Colleague: 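The structure that follows is given in the form of structure tokens.
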There are 2 protein chains.
Amino acid sequence: MSTIGKALTLLDTISRLEKEAGLSDIARHCGLDKATTRRFLVELEKHGFVEQDPETRRYRLGGAPVRLARIRETRFPYLSVATPFARELASLAGETVHLSEYAAGRLSTVHVEDSQRAHRVIVDVGSILPFHATASGLGFLAFCPPKDIDAVLSAPLEAFTDQTLTDPAILRQTLSETLRRGYSICHHGLETGVVSVAAPIRAPGSTPVGAIAVAAPATRAEKETVEQMGRAAMTAARRISERLFGLEQVAADPLARRAG
Amino acid sequence: MSTIGKALTLLDTISRLEKEAGLSDIARHCGLDKATTRRFLVELEKHGFVEQDPETRRYRLGGAPVRLARIRETRFPYLSVATPFARELASLAGETVHLSEYAAGRLSTVHVEDSQRAHRVIVDVGSILPFHATASGLGFLAFCPPKDIDAVLSAPLEAFTDQTLTDPAILRQTLSETLRRGYSICHHGLETGVVSVAAPIRAPGSTPVGAIAVAAPATRAEKETVEQMGRAAMTAARRISERLFGLEQVAADPLARRAG
DNA sequence: TCTTTCGGTTCAATATATGAACCTTAGCTT
DNA sequence: AAGCTAAGGTTCATATATTGAACCGAAAGA
């Protein structure tokens, strides 16, 4: 792997640590030499991607990504467009809603609207959503071209619970159901006791860019409730997609839709 | 410079381009060889820091920084804490307000609340604020330790307008006034016709982490108005700082402030 | 006190990055 | 339509940056 790749992997590792970590800790997590780790950290720090606490000497995520994220957001306002719909969906469903975005071959959680209930599903911002074991992943993948599906299903599929689907044939069937239905359903895929539904956010006829999902405790997931949540997620996803891609088309080609 | 440094500089360059750019364009902007540029872009793309448009083959900022930024924001909620105060300040002052964060030796704009007026100052999210030529920069620097001030003032200082202060002696005086006053004032430092005021966001007795600034057209910047805006910015900065660092102390040491 | 582990550094060995030259395609000029 | 230019992308010998075992001093545990 190239040096850049290693450094960015290190950054990713840091982002996944619960809290600030020391040099040796980070080196161990990344499987890198301490000297190498240090040089990477120093370089990343120079550019603001990590920070070192001057007292504890531990390292944490820096401020540079914030600037980049804000720039991206002004050009492709995924969060600012989707968040209000996520909030609406959360209050409608009374359950935790999360938004994910596809980047670097992975689907990662970029926003969470917590349910107001005491008993609710907790989703961490920044967590990676496996394609085969989450509603978001299935809802996303179902609308991808066959080669992407093949790529995911031909890799080893981890069983996170004893009910995680790992058989490619069954998953293919689940995906085609999802495609037909318009939203995905996932029972206990990543964590036992959680049922979730999701729908992809996408330009018409194009690969999805992310997904919106509702996650509920299984005790509140009657068949009919799940269907309601699924349809609501699908509607939210469609409205977000229209706002993101419909308007962009207007901006790019004003004649396409006058007075839209 | 290390390969990592070069790659991150390239990423920074891309973030600064107005719009998506082609390979040769990017190579020229970075002063790198086309082959090198390409390898960097491929590597950055693998990790989601840049995206390539499959049609135009142009490159743009990717989604990975969004995930990192959200993680950082959950650990250090700078934007979510500061934004409401910025909005309040913007409506109070009736002028554009912007928030900046210090990272990688630079102060960069991470949020903007636009003034409602037709005639207003425009600030771009992601723009870099020079320390000597903006209210944010001066307000930040004034509260930094002397060695940081020396470092900035000993480097060449660009004159962005014919009124930009570039004389280190005068700047030192401006900084000490700012320190005494609690907020900075900058007349036509970066752009002619703009007057701005700013105050640093900081833990007590510690180096600032950013600044909040109000920017107004010079035609609306009477001496008294400027003072009012300055005091308002200072108040906003103080309240943001308390929320950020006051609460953190409580969390770290619950006995320090019971029933806060 | 002794031991271990920490953050951080050094330098010879070596793996990696580099860029001139190249290819192919797309658009423009003549 | 041929000819030209510049685009994106690739190759491979060369040059350079990366690597990691061994090292240091400090600090935390035993």
Side-chain angles (χ1 to χ4, degrees), chain A residues 1-62 75 104-105 147 206-207 252-253, chain B residues 1-62 75 104-105 147 206-207 252-253:
Chain A
M1 194 194 286
S2 74
T3 309
I4 298 170
K6 280 179 249 176
L8 295 180
T9 304
L10 183 149
L11 186 61
D12 189 76
T13 305
I14 289 179
S15 79
R16 237 173 300 197
L17 297 173
E18 294 285 317
K19 50 198 290 287
E20 335 190 344
L23 173 62
S24 302
D25 245 3
I26 296 172
R28 264 191 298 274
H29 272 97
C30 300
L32 291 172
D33 184 85
K34 213 168 36 148
T36 303
T37 304
R38 173 116 230 283
R39 257 175 302 105
F40 285 2
L41 286 169
V42 168
E43 212 60 40
L44 288 167
E45 187 178 27
K46 269 189 207 160
H47 292 261
F49 285 81
V50 304
E51 282 175 355
Q52 184 177 30
D53 190 300
E55 278 182 39
T56 66
R57 290 191 162 176
R58 287 166 181 278
Y59 297 88
R60 69 173 100 96
L61 220 46
R75 299 187 192 165
K147 77 169 192 358
S206 177
T207 296
D253 180 6
Chain B
M1 195 194 286
S2 76
T3 309
I4 298 170
K6 281 179 249 176
L8 295 179
T9 303
L10 183 149
L11 186 61
D12 190 75
T13 305
I14 289 179
S15 80
R16 235 173 300 197
L17 297 173
E18 292 285 317
K19 51 198 291 286
E20 337 190 345
L23 173 62
S24 302
D25 245 3
I26 295 172
R28 266 191 295 274
H29 271 97
C30 300
L32 290 173
D33 184 86
K34 213 168 38 149
T36 302
T37 304
R38 172 116 229 285
R39 260 175 299 105
F40 284 3
L41 286 169
V42 167
E43 212 59 41
L44 288 167
E45 186 177 29
K46 270 189 206 158
H47 292 260
F49 285 83
V50 304
E51 282 174 355
Q52 185 178 28
D53 189 299
E55 277 182 41
T56 67
R57 291 192 161 175
R58 287 166 181 279
Y59 297 88
R60 69 174 99 96
L61 220 48
R75 300 190 190 160
K147 78 168 188 1
S206 178
T207 295
D253 179 5

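No experiment lies behind these values; they were computed from the predicted model shown. Residue numbering restarts at 1 for every chain, and letters A, B, ... go by the order of the sequence lines.
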Colleague: Taking atom P of C:dG27 as reference, at what distance in whole Å does atom CZ of B:Arg57 sit?
Modeller: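 Result: 11 Å.
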
Colleague: C:dA17 phosphate, OP1 or OP2: any side-chain N/O from B:Lys6 under 4.0 angstrom?
Modeller: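 No, no such contact exists.
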
Colleague: B:Tyr59 side chain N/O closer than 4.0 Å to the phosphate oxygens (OP1, OP2) of D:dG9?
Modeller: yes

Colleague: CD1 of A:Ile4 versus C1' of C:dA17: gap in Å, rounded?
Modeller: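 Distance, rounded to whole Å: 9 Å.
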
Colleague: What I'd like to find out is whether the side chain of A:Thr3 reaches to under 4.5 Å of the side chain of B:Ile4, using heavy atoms alone.
Modeller: yes

Colleague: Is there a side-chain contact between A:Asp25 and A:Arg28 (heavy atoms, below 4.5 Å)?
Modeller: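 Side-chain contact under 4.5 Å: yes.
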
Colleague: Does D:dG20 have its OP1 or OP2 closer than 4.0 Å to a side-chain nitrogen or oxygen of A:Thr36?
Modeller: yes

Colleague: Whole Å only: how far is the CG atom of A:Asp53 from the C1' atom of C:dC6?
Modeller: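 Atom CG in A:Asp53 sits about 16 Å away from atom C1' in C:dC6.
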
Colleague: In whole angstroms, how far is the C1' atom of D:dG20 from the CG atom of A:Leu32?
Modeller: 11 Å

Colleague: With side chain to side chain contact (heavy atoms under 4.5 Å, CB included) as the test, pick out the partner of A:Arg38 among A:Leu23, A:Leu32, A:Asp33.
Modeller: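 For A:Arg38, the side chain to side chain contact (heavy atoms under 4.5 Å, CB included) test succeeds with only one of A:Leu23, A:Leu32, A:Asp33, which is A:Leu23.
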
Colleague: Calculate the interatomic distance between A:Phe40 atom CZ and D:dT18 atom P; express it in whole Å.
Modeller: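 From A:Phe40 CZ to D:dT18 P: 8 Å.
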
Colleague: For B:Glu20, run the side-chain hydrogen bond (donor to acceptor under 3.5 Å, both in side chains) check against B:Arg58, B:Arg57, B:Arg60 and tell me which one passes.
Modeller: B:Arg60

Colleague: Report which part of the nucleic acid B:Gln52 touches: base, sugar-phosphate, or nothing (heavy-atom distance under 4.0 Å, all strands).
Modeller: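 Here B:Gln52 touches the backbone only, sparing every base.
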
Colleague: Heavy-atom nearest nucleotide on DNA chain C for A:Met1 versus A:Thr56: which residue maps closer to 5'?
Modeller: A:Thr56

Colleague: With a cut-off of less than 4.0 Å, is there a side-chain N or O of B:Arg39 near OP1 or OP2 of C:dT18?
Modeller: yes

Colleague: Please tell me if B:Thr3 has a side-chain N or O lying less than 4.0 Å from either OP1 or OP2 of D:dT18.
Modeller: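 Checking D:dT18 against B:Thr3, a side-chain N or O does come within under 4.0 Å of OP1 or OP2.
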
Colleague: Of B:Val42, B:Thr37, B:Thr36, which meets side chain to side chain contact (heavy atoms under 4.5 Å, CB included) against B:Phe40?
Modeller: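 By the side chain to side chain contact (heavy atoms under 4.5 Å, CB included) criterion, B:Phe40 pairs with just one of B:Val42, B:Thr37, B:Thr36: B:Thr36.
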
Colleague: Starting at CZ of B:Arg58 and ending at P of D:dA7, how long is that distance when rounded to a whole Å?
Modeller: 10 Å

Colleague: Can you pull every protein N or O that's under 3.5 Å from an N or O on nucleotides 21-28 of chain D?
Modeller:
none

Colleague: With a 4.0 Å limit, can you tell me whether A:Arg38 has a side-chain N or O closer than that to the phosphate oxygens OP1/OP2 of C:dG8?
Modeller: yes

Colleague: Does a side-chain N or O from B:Arg28 land closer than 4.0 Å to OP1 or OP2 of D:dA6, or not?
Modeller: no

Colleague: For B:Phe49, which of B:Glu51, B:His47, B:Lys46 qualifies under side chain to side chain contact (heavy atoms under 4.5 Å, CB included)?
Modeller: B:His47

Colleague: With a 3.5 Å distance limit and no angle check, can you tell me whether B:Glu45 reaches the backbone of B:Gln52 through a side-chain donor-acceptor pair?
Modeller: yes

Colleague: Expressed in angstrom and rounded to an integer, what is the separation of B:Leu10 atom CG from C:dT18 atom P?
Modeller: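 So the CG-P distance, B:Leu10 to C:dT18, works out to 11 Å.
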
